[in-house]
Structure formats: C-alpha cells, structure tokens
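Throughout, a chain's letter reflects where its sequence line sits, starting with A, and its residues are numbered from 1.
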Protein chains: 2
Amino acid sequence: MRPTVHDVASEAGVSLATVDRVLNKRAGVRSATVARVEAAIARLGFVRDISAANLAKQRVYHLAFIIPEGPNAFMRGLEHELEQLKLRSALDRTEIRILKVPPFDSAALASALESLDTSVVSGVALVATESAATREALARLWQANIPIVTLVSDMPGSRRDHYVGIDNVAAGHTAARLIGRFVGPRPGRIALVAGSMLVRDHVERRMGFDQVIRAEFPNLHCLPVLEGRDDAAITGKVLAECLAAAPGVVALYSIGAGNRGVIEVLSGTPAYRDIVVVAHELTDHSRKALRDGLFDAVINQDAGHEIRSAIRLLKARIDGTDIIDGQENIRIEIYLRDNLP
Amino acid sequence: MRPTVHDVASEAGVSLATVDRVLNKRAGVRSATVARVEAAIARLGFVRDISAANLAKQRVYHLAFIIPEGPNAFMRGLEHELEQLKLRSALDRTEIRILKVPPFDSAALASALESLDTSVVSGVALVATESAATREALARLWQANIPIVTLVSDMPGSRRDHYVGIDNVAAGHTAARLIGRFVGPRPGRIALVAGSMLVRDHVERRMGFDQVIRAEFPNLHCLPVLEGRDDAAITGKVLAECLAAAPGVVALYSIGAGNRGVIEVLSGTPAYRDIVVVAHELTDHSRKALRDGLFDAVINQDAGHEIRSAIRLLKARIDGTDIIDGQENIRIEIYLRDNLP
DNA sequence: CTGAAAGCGCTTACAG
DNA sequence: CTGAAAGCGCTTACAG
C-alpha cells in the first residue's frame with residue numbers, strides 16, 4: 001500500500017493539519033517541524049494523491065482560452081474542439097471559458113488578457129499576436145502566478161510556460177521537400193500564398209520553405225509572396241493575377257488559411273490542374289481538394305491534440321505535477337489522399 | 001453545484017446505500033425503488049464523480065500487456081513506453097504487467113492469455129497473432145467481462161473491444177503514392193521487403209501498396225515480395241541477391257521491421273543510393289537513414305500514443321465512461337527528414 | 001505554531 | 001429489500 005498523510009503524520013509525530021501545511025508549503029510552521037515532516041515524507045516515499053486532494057478542496061480549474069474570431073477554418077476547428085470538451089468538462093472539474101478577439105489585433109488581445117480576473121482564472125491559453133501591450137498583459141498574469149500557454153502561434157521571450165504548436169520553420173522545410181520531390185527535375189517557378197507577412201508563423205514557414213528550395217532544388221524558383229489576408233476573395237484575386245502574369249508556375253505553397261481562394265482559382269482553369277500544391281491545415285475544403293487531386297499534400301497540426309495538450313500542461317503547472325514530453329509534442333503531420341484520418 | 005449522491009438520495013426519498021446500489025446496478029433492489037432513483041437521477045442530471053468513487057473503492061486497475069519479445073525495434077519501443085508509464089503508475093491507481101511471448105507464435109500467445117487470472121486482471125492489451133487457440137483464449141476473457149484491446153496487429157472478428165493501431169491497407173496506399181510521386185514518370189521496378197507474409201499487417205500493407213501502384217503508376221512494376229523475417233542478416237541476404245539479379249530497381253518498400261538489413265545493403269553499394277526508399281516505423285536506424293538521405297520517407301505509428309490510447313480505452317470500458325474518438329484514432333504518420341519529431 | 005474534528009463525493013460492511 | 005455509520009486520502013475552519 002502507498003503511504004498516506006496519516007502515515008506521514010505518525011512517522012513525523014505531528015498532526016494531519018501540520019503535514020498538510022508542509023505539503024502545501026503554507027507559512028506558519030516552525031522550520032524544525034518542517035524538516036521533521038519532510039524527512040518523514042522522504043523516508044516513506046510519500047506521493048500525494050492529487051484526486052483525493054482535489055476532492056477535498058472542491059477544486060475547479062478555471063481555464064481561459066483566447067482565440068481569434070472570424071472565418072479562419074483552423075481557428076474554428078480549435079473552437080469546436082473546445083466546445084466538445086466543455087460538454088464533458090464537469091466530469092473533470094474543469095471550467096473552460098472561450099474569449100474571442102479580432103484576428104491580427106494585438107490591442108484587442110491585450111485587453112482580453114487584462115480583463116481576466118486573476119482571483120478567479122487558474123490558467124490561460126492564447127493564440128498570440130505580438131506587441132508590447134500583449135507582453136505587459138502577460139507579465140501581469142505571470143506575477144499572479146497564473147500558468148500561460150501559447151497556442152499555434154508563439155511569442156518567444158514572453159512570460160509563457162509553454163508553446164503548444166508546431167515548429168513552423170520545419171513545416172516550411174517539409175513543404176519545400178514535398179514540392180521539390182513531387183515536381184522532379186524540370187525547372188519552374190513556385191507561387192507562394194500567405195495570409196500576412198506580419199504573422200510570425202507565416203513568416204517562419206516561408207523562411208523554412210525558401211531555405212530548402214534554394215539549397216536543394218536549384219531548378220525551382222520562388223515568386224514573391226502573395227498576401228491574401230486569410231480571405232478567400234482576396235486570395236483568389238491576387239493568385240489569379242499572379243498566375244496569369246507569371247508563366248511557368250509548376251508549384252504552389254499555400255502558407256496560410258486562404259485555401260478556399262486557392263481552390264477556386266485552380267479548379268477554374270484546366271491548365272492549372274497540373275500545378276503541384278502543398279497547403280496547410282486539414283479542413284473540409286482542403287480534404288476535398290486532396291481527394292480530388294487538386295492538392296498534392298496537406299501539412300496539418302491536430303487541433304484536438306493541441307487543445308488537450310494545452311489543458312494538460314496548464315493543469316500540470318497548477319498541480320505541480322510532471323508531464324510526458326512525447327505526449328505534448330505537436331507533430332508536423334503530412335497528409336496525402338491515402339492517409340487521411 | 002453539481003448534484004451528488006446525497007441530492008439523489010433525498011430527491012428519491014431513499015438512503016445513500018440504495019442510490020449506490022442502483023448506480024452500480026447491484027441486485028436486490030425492488031424495481032419500484034430502482035425506478036424512483038433513476039427518475040431522480042434523470043431529473044437532477046446527476047453524473048457520478050468517478051475519482052471519488054475510485055477513492056472510496058480503493059480501486060486499482062490491473063492491466064496486462066502481451067507483446068512479442070525479440071529484437072523487433074518497434075516492439076521494444078512499445079515496451080519502453082510501458083516501462084516509462086509504470087514508473088508513474090502508482091499516481092493513477094494503475095498497475096501494468098508486461099508479458100513477453102515469442103514473436104509469430106500463436107500457441108505461446110494463447111497460453112499467455114490462459115495464464116491470466118480473471119479474478120485479478122481488469123483489462124488486457126495484446127499484439128495479436130491469429131489462431132483458433134488465441135480466439136478461444138480471448139473468448140474466456142470475454143466471458144469474464146474483461147475488456148480486451150488489440151495493439152498494432154488486429155484480429156478482426158475476435159472478442160476484442162477495440163483495435164489500437166493503423167489501417168495497414170491505407171498505409172500501403174500511402175507508401176505507394178510516395179514512391180510513385182518521388183520516382184516520377186521514368187519506368188522501373190520496385191523491390192518489396194517484408195518480415196513474413198504470414199503476418200496480417202504485412203499482407204495488408206503489401207496489398208494496399210500493390211493496388212495503388214497498379215492503378216496509378218503504370219510505369220512501375222512490383223517484384224515478388226522478399227521475406228526477411230524481420231531479421232537484419234536474412235533481410236540483407238535476400239535483398240542483396242534480389243538487387244544483383246534484377247536490373248532496373250528504382251524503388252524499395254520496406255514493409256516490416258527489417259530496416260537494418262536494408263540499410264546495410266543500400267549503403268554498401270554506391271549504385272543503390274539513388275533507389276527511392278520508403279520504410280515503416282521510426283527507430284534510431286530509420287531516423288539516421290532518413291537524415292543521411294538513404295531513406296526518402298518513413299511511415300510511422302506512434303508507440304507512446306498507442307500505449308496511452310490502449311490504457312484509456314481499457315479504463316473507459318472498466319468505468320463505463322465515454323471516449324473521445326479523435327484522441328484514440330492512431331494516425332498513419334509520414335516523416336521526411338524535415339519533420340522528424 | 002499546532003491539533004482535533006468535520007467534510008469532499010462516493011462505497012462498504014453490518015444490521016435489521 | 002433498505003438504511004445508518006464508518007471510511008477512502010486529502011483539506012479546512014476553528015480552537016488553543
């Protein structure tokens with residue numbers, strides 16, 4: 001049998017209340033007593049039963065998720081996963097609150113962060129948009145000892161405990177190799193369509209893509225990046241113009257969330273059907289494009305996994321427990337039409 | 001506040017013990033009383049707190065994992081994940097027992113299953129090898145109402161609750177498309193190296209591979225399957241003979257666990273370096289081959305995910321709780337040198 | 001600075 | 001067939 005607080009108490013010759021004080025690092029215990037209890041804990045190899053503690057405490061984890069509003073299908077996917085979990089959240093004493101903010105708007109993000117009541121919220125996950133205001137808002141939470149996790153889009157150097165998402169430079173490398181290998185030795189140009197070059201993940205993917213194309217596929221050449229603002233209409237327009245103007249485009253890398261616009265343009269013109277296309281994020285549209293042979297590969301990060309991982313990470317920091325690294329590592333998933341989940 | 005057993009008891013006008021009897025479907029309650037309690041549960045929307053129940057019960061989950069012994073790196077990976085979890089298993093009231101059996105030996109598997117004490121074990125996961133004896137052994141467990149999960153290798157039609165692993169036909173499709181696209185339009189032959197054509201997963205991968213090559217890549221032609229018994233020396237020998245005898249091999253599909261033998265042969269002869277290679281399972285050897293450019297892609301299933309999923313599925317059946325489908329879906333992962341985890 | 005007692009939401013003998 | 005009381009491993013007022 002595992003030792004319990006009772007065992008520790010009698011081993012240390014103190015009461016349960018005192019063991020509890022030491023266990024939870026509460027003030028007001030003589031240091032000699034603390035030492036006695038800690039020695040007993042070590043001797044017995046005591047590990048506290050978190051679910052019993054949570055039961056006694058009637059602990060509820062109040063987690064806030066801040067994600068961009070708008071039509072971005074991937075963000076809606078994250079929201080959908082959150083909603084699913086909310087339905088069963090009472091089961092695990094978890095209260096999830098979703099705050100939606102305008103996309104690409106760091107001021108709105110900062111004020112959402114400022115609106116959080118640090119006496120209520122026990123952990124925060126956010127899709128980051130960088131700015132000084134965001135940084136300061138995070139610093140406030142940090143000072144209140146509230147665990148913070150960035151989701152999908154990171155903010156290195158800020159007060160966050162973890163980043164839950166993929167390595168976007170490596171994702172760019174991956175896209176480049178797929179395109180380079182699928183196109184083969186023939187020469188040609190590559191069209192790049194991003195949402196905005198102000199967003200860190202798009203910049204990183206593009207950078208990674210460029211590196212591998214330059215270094216390993218000298219037959220290919222990248223055109224300047226088109227910015228479609230993750231909007232189908234704008235994306236379609238700029239892409240159509242680009243393809244009409246630039247001959248010899250053999251491949252296309254869709255960096256952001258503008259897949260619907262890309263699909264419309266490509267499926268509208270028979271001559272474009274041979275273009276090798278690699279896009280990001282598995283959605284209804286990109287799945288269909290993959291099945292129809294319009295897209296050749298889709299690079300994905302699993303929204304469900306990311307949400308569950310963010311929750312596990314926040315709870316682990318709240319409880320002071322360990323995590324399993326492999327479980328929290330978000331993979332750069334490659335999908336062809338054959339291995340769709 | 002969520003309703004508790006106390007609320008249900010007073011709502012139904014019975015005692016806690018009676019609520020508990022109804023909740024756990026224990027016999028010896030008048031059906032009128034059962035109805036009253038069930039009505040109260042429905043009216044209140046009561047959902048029982050499993051961790052409180054487990055605390056009161058002092059429940060321990062006794063899970064048995066049966067996996068093949070021997071040098072197969074993937075199986076050793078599964079075992080490693082299990083050992084990692086055992087270190088922290090006391091934390092979640094889970095006792096994991098690993099039984100190792102000779103590979104490809106259904107008689108040994110069956111007797112391992114027969115050795116399990118149904119009064120102790122609460123759930124079983126096994127890497128299946130098909131046979132009548134295995135089937136009967138599983139039927140015994142099924143009769144004792146013990147949840148069963150097949151791992152990595154399935155046994156359709158047997159008494160198992162779930163299969164935790166990939167769709168191997170789809171994995172074969174995926175390998176075929178990668179090879180077809182990477183090779184491009186030039187004609188050539190494909191060497192196939194499996195462990196044994198008596199193992200269901202290898203047969204299925206091969207079948208899926210063949211389907212896609214025939215239907216979509218008429219420039220390519222599959223050679224007869226070589227059987228290396230998942231042994232480096234045997235694999236190396238048969239592959240070397242095959243490549244020496246058959247000219248025009250442009251690609252190789254390593255279906256089973258014989259990657260070390262494949263690597264030795266390919267890296268030993270400069271002329272073989274251009275062969276497009278797709279292999280299964282990420283191990284130290286296959287990672288290195290990918291980085292060195294010897295392998296072009298590796299198809300993987302995540303051993304850690306599979307172990308965690310098997311445990312979640314068994315516990316859910318034991319507790320009678322729901323699962324999240326997306327979380328238990330094992331992906332056909334594609335790795336290039338760029339997206340290695 | 002420390003302890004005795006009650007309670008978190010369940011289950012389990014034991015009595016009747 | 002049903003209920004009162006104690007207990008699972010922890011925490012929390014309240015007293016001293």
Trainee: Around atom CZ of A:Arg97, are there more than 12 heavy atoms from other residues, nucleotides or ligands closer than 6.0 Å?
Mentor: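 No.
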
Trainee: Return the residues of residues 38-47 of chain B meeting this criterion: a heavy atom under 4.0 Å from some atom of DNA chain C. Order them by number, or give none.
Mentor: B:Phe46, B:Val47

Trainee: Charged N to carboxylate O below 4.0 Å: is that the case for B:Glu79 and B:Lys100?
Mentor: yes

Trainee: When you compare the protein's N or O atoms with those of nucleotides 6-8 of chain D, which come within less than 3.5 Å of each other, and at what distance?
Mentor:
{"residue": "D:dC8", "atom": "O2", "partner": "B:Ala56", "partner atom": "N", "Å": "3.1"}

Trainee: Can a side chain N or O of B:Thr18 be found less than 4.0 Å away from OP1 or OP2 on D:dG3?
Mentor: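 True: B:Thr18 side-chain N/O within range (under 4.0 Å) of D:dG3 OP1/OP2.
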
Trainee: What does the 5'-to-3' dot-bracket notation of DNA chain C look like when only Watson-Crick and G-U wobble pairs under 3.5 Å count, and pairs to other strands show as |?
Mentor: |||.||||||||.|||

Trainee: Is any side-chain N or O of B:Arg26 closer than 4.0 Å to OP1 or OP2 of C:dT11?
Mentor: no

Trainee: Give me the atom names and distance for the closest heavy-atom approach of B:Val19 to B:Val37.
Mentor: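 In this case the closest contact between B:Val19 and B:Val37 is CA-CG1, 4.3 Å.
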
Trainee: From CZ of B:Arg59 over to C1' of C:dG9, roughly how many Å is that when rounded to an integer?
Mentor: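 Nearest whole value for this atom pair: 16 Å.
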
Trainee: Quick one, which residues of residues 311-321 of chain A touch DNA chain C with a heavy atom under 4.0 Å?
Mentor: none

Trainee: Under a 4.0 Å N-O cut-off, is there an ion pair linking B:Arg2 with B:Asp7?
Mentor: no

Trainee: What is the distance, rounded to the nearest whole Å, between atom CG of B:Asn54 and atom P of C:dT11?
Mentor: 9 Å

Trainee: Does A:Ser122 use its side chain to pair, donor to acceptor, with the backbone of A:His62 at less than 3.5 Å?
Mentor: yes

Trainee: Mind checking if B:Asp49 touches a base, just sugar-phosphate, or nothing, with heavy atoms under 4.0 Å?
Mentor: sugar-phosphate

Trainee: Nearest whole Å is fine: how far is D:dT11 C1' from A:Arg48 CZ?
Mentor: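 The answer, rounded to whole Å, is 10 Å.
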
Trainee: Can you tell me the distance, in whole Å, between the CZ atom of B:Arg2 and the P atom of C:dG9?
Mentor: 9 Å

Trainee: Donor-acceptor pair, distance only, cut-off 3.5 Å: does the side chain of A:Ser309 make one with the backbone of A:Glu306?
Mentor: no

Trainee: Select base, sugar-phosphate, or nothing to describe what A:Asn24 touches, counting heavy atoms under 4.0 Å on all strands.
Mentor: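 It contacts sugar-phosphate atoms only.
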
Trainee: When you get a sec, tell me which of D:dT11, D:dA13, C:dT11 is the closest nucleotide to the side chain of A:Ala17?
Mentor: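 When the side chain of A:Ala17 is considered, D:dA13 is the closest of D:dT11, D:dA13, C:dT11.
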
Trainee: Is a salt bridge present between B:Glu328 and B:Arg312, judged by a nitrogen-to-oxygen distance below 4.0 Å?
Mentor: yes

Trainee: Would you jot down, in residue-number order, the residues of residues 29-36 of chain B having a non-hydrogen atom under 4.0 Å from DNA chain D?
Mentor: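 The answer is B:Val29, B:Arg30, B:Thr33.
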
Trainee: If you look at every heavy atom in A:Val164 and A:Ala310, which pair is closest and at what distance?
Mentor: CG2-CA, 4.1 Å

Trainee: Is there a donor in the side chain of A:Asp117 and an acceptor in the side chain of A:Ser119, or the other way round, less than 3.5 Å apart?
Mentor: yes

Trainee: Distance check needed: D:dC14 C1' versus A:Arg21 CZ, whole Å only.
Mentor: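 It is 11 Å, rounded to the nearest whole Å.
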
Trainee: So what does A:Val19 touch, heavy atoms closer than 4.0 Å: a base, only the sugar-phosphate, or nothing?
Mentor: nothing

Trainee: For B:Tyr61, is the NZ or CZ atom of B:Arg59 found under 6.0 angstrom from the centre of its six-membered ring and inside 45 degrees of the ring axis?
Mentor: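 Judged by the rule, B:Arg59 and B:Tyr61 form a cation-pi pair.
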
Trainee: Could you tell me whether the side chain of A:Asp161 and the main chain of A:Ile148 form a donor-acceptor pair under 3.5 Å?
Mentor: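 At least one qualifying donor-acceptor pair exists.
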
Trainee: Can you list the residues that meet the salt bridge (charged side-chain N to carboxylate O under 4.0 Å, His left out) rule with A:Arg36, with sequence neighbours excluded?
Mentor: none

Trainee: Are A:Glu95 and A:Lys86 within salt-bridge range, i.e. N to O under 4.0 Å?
Mentor: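 No, this pair does not count.
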
